[in-house]
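Report on the structure given below.
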Amino acid sequence: MATKKMGNKKAGNSSEKRGWITELRYGRTLSIEFFKANAWLLLLLLVIVLALIGLRYKTKTKMAEIKTLTVELQRAESEKLNEKAQYMSLIRETEMKKMVAEKGLNLEFQEQPPYEIYLEK
């Protein structure tokens, strides 16, 4: 009889495991009492998940804004270099005009490029 009782205990453990898995599978373990007992924990987990989703969204929007501002900065730097080059050419031109006037060379700055004349034969 002693062996019979021990055999029943082993069989009972495996059937308990199967019973727990079966109950979980059919949703019997998560009852209303479980949700009532753990409502604050579930609410806290929900708030944490929503905060993480919001943080991720905020990070993505800020990264997109950083990319657009970087492109805008590169364009502004390029425009600045162009403006600086034009300014430097104007300064050189006025300096050359001053030197020509000081030396009395009677040279003038030509506004238009020289014309090319083609003769037909």
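Below, all heavy atoms of this structure are taken into account, side chains as well, without hydrogens, waters or symmetry copies.
Between Val100 and Leu107 the shortest heavy-atom distance is CG1-O, 3.7 Å.
Listed by chain and residue number, Glu65, Glu72 satisfy the side chain to side chain contact (heavy atoms under 4.5 Å, CB included) test with Leu69 (two or more places apart in sequence, or in another chain). Residues passing the side chain to side chain donor-acceptor pair (under 3.5 Å) test with Tyr115, sequence neighbours excluded: Gln112. Under the side chain to side chain contact (heavy atoms under 4.5 Å, CB included) criterion, Tyr57 pairs with Thr61, sequence neighbours left out. Residues satisfying the side chain to side chain contact (heavy atoms under 4.5 Å, CB included) test with Ile48, not counting sequence neighbours, are Leu44, Leu52. Partners of Gln74 under the side chain to side chain donor-acceptor pair (under 3.5 Å) rule, at least two apart in sequence or in another chain, do not exist in this structure.
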Under 3.5 Å, sequence neighbours excluded: what are the donor-acceptor pairs made by side chains of residues 33-40?
unit_1 : atom_1 : unit_2 : atom_2 : d
Glu33  : OE1    : Ser31  : OG     : 3.1
Asn38  : ND2    : Phe34  : O      : 3.2

Please output the side-chain donor-acceptor pairs of residues 75-91 that fall under 3.5 Å, not counting sequence neighbours, one pair per line with the distance.
unit_1 : atom_1 : unit_2 : atom_2 : d
Ser89  : OG     : Gln86  : O      : 2.7

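Here Leu41 sits in one hydrophobic cluster together with Leu45; the rule is ILVMFWY side chains under 4.5 Å apart, joined directly or through other members. Cluster partners of Leu46, using a side-chain heavy-atom cutoff of under 4.5 Å among ILVMFWY residues and allowing indirect links, are Leu50.
Between Lys60 and Arg56, some side-chain heavy-atom pair lies under the 4.5 Å cut-off.
Side-chain contact annotation: Glu116 with Tyr118, donor-acceptor N/O pair under 3.5 Å present.
Taken from CG in Asn106 to NZ in Lys103, the straight-line distance is 14.5 Å, to the nearest 0.5 Å.
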